[in-house]
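Hydrogens, waters and symmetry mates play no part in the numbers below; they use all other heavy atoms, side chains included.
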Amino acid sequence: MSDYIDHKLVAILRTKPGTSFENTLAAIKAAFETGIKAVEITSNSEYWQDVVAAIHELQSPHENLLIGVGSIKNKKLAKEAISCGAKFLVSPGLFEDVIEEAKKNNIPVLPGVYLSSEALKAKFLEVKDQKFFPANVKTHEDFFKAINQPPLDVSEPY
């Protein structure tokens, strides 16, 4: 696996509270069936670990289909996503421990960058792909609200 995502479109799935495992899995399968090659499920979605593991098991004959996990804000969550079978990680900011864990496991990571200094630092850290995040903010308050969604687990340092 290369350390970048070779797809131009990544679908993002963030489920509403109460969405069943079956419906979440069906939505991801439907995305793959319509030709999308990469799907990110956010780590604040219910059952995300089970969904990633189930998709990972289905991937054997479809190695070109990628399931990734988003909203990764710390090394612990990165390790959990990778152990479930995530093929890439997405984060809402430039978290060096997440980048380090992804590199250690030879999987792509897309950190969110907002400032040119962050983009340059990501490049210095040899991150191949970045996402401009958050793209719709107008104030500093909007920026901090966006990077804190989903809420951080305050018991875990990031």
Closest non-hydrogen atoms of G93 and P111, given as atom of the first, atom of the second and distance, are O-CB, 3.5 Å
Do P92 and K73 have side-chain heavy atoms sitting under 4.5 Å apart? yes
Could you walk me through whether F32 and I28 pass the side chain to side chain contact (heavy atoms under 4.5 Å, CB included) test, one step at a time? CA-CA 6 Å; F32 285 146; I28 292 175; 3.7 Å; yes
Among I82, I99, L110, which residue satisfies the side chain to side chain contact (heavy atoms under 4.5 Å, CB included) criterion with L89? I82
Could you grab the distance from atom NZ of K76 to atom CG of D97, nearest 0.5 Å is fine? 13.0 Å
Answer with yes or no whether the hydrophobic clustering places I107 together with L125; edges join I, L, V, M, F, W, Y residues whose side-chain heavy atoms lie under 4.5 Å apart. yes
If you measure from NZ on K29 to CD on E22, what distance do you get to the nearest 0.5 Å? 10.0 Å
Spatial distance of atom NZ (K87) from atom CG (N106) [nearest 0.5 Å]: 11.0 Å
Rounded to the nearest 0.5 Å, how far apart are CZ of R14 and CG of N44? 4.0 Å
I need the minimum non-hydrogen distance between T19 and T24, along with the two atoms involved. CG2-OG1, 3.4 Å
Within the 4.5 Å heavy-atom criterion, are K104 and E101 side-chain neighbours or not? yes
In this structure, would I41 and F21 fall into the same cluster of hydrophobic residues linked by side-chain contacts under 4.5 Å? yes
d(K75 NZ, F95 CZ) to nearest 0.5 Å is 15.5 Å
Any link between V69 and I12 through a network of hydrophobic side chains (Ile, Leu, Val, Met, Phe, Trp, Tyr) touching at under 4.5 Å? no
Heavy-atom distance under 4.5 Å between the side chains of D129 and F88, does that happen here? no
N/O donor to acceptor pairs below 3.5 angstrom from side-chain atoms of residues 45-53, sequence neighbours left out:
{"unit_1": "S45", "atom_1": "OG", "unit_2": "T15", "atom_2": "N", "d": "3.2"}
{"unit_1": "S45", "atom_1": "OG", "unit_2": "T42", "atom_2": "O", "d": "3.2"}
{"unit_1": "S45", "atom_1": "OG", "unit_2": "T42", "atom_2": "OG1", "d": "3.0"}
{"unit_1": "E46", "atom_1": "OE2", "unit_2": "G18", "atom_2": "N", "d": "2.4"}
{"unit_1": "W48", "atom_1": "NE1", "unit_2": "S43", "atom_2": "O", "d": "3.1"}
{"unit_1": "Q49", "atom_1": "NE2", "unit_2": "E80", "atom_2": "OE2", "d": "2.8"}

CD of E40 to OG of S71, rounded to nearest 0.5 Å, is 6.5 Å
Least distance between heavy atoms, V109 atom then A102 atom: CB-CB, 3.7 Å
In the structure I gave you, are the side-chain heavy atoms of Q130 and E118 within less than 4.5 Å of one another anywhere? no
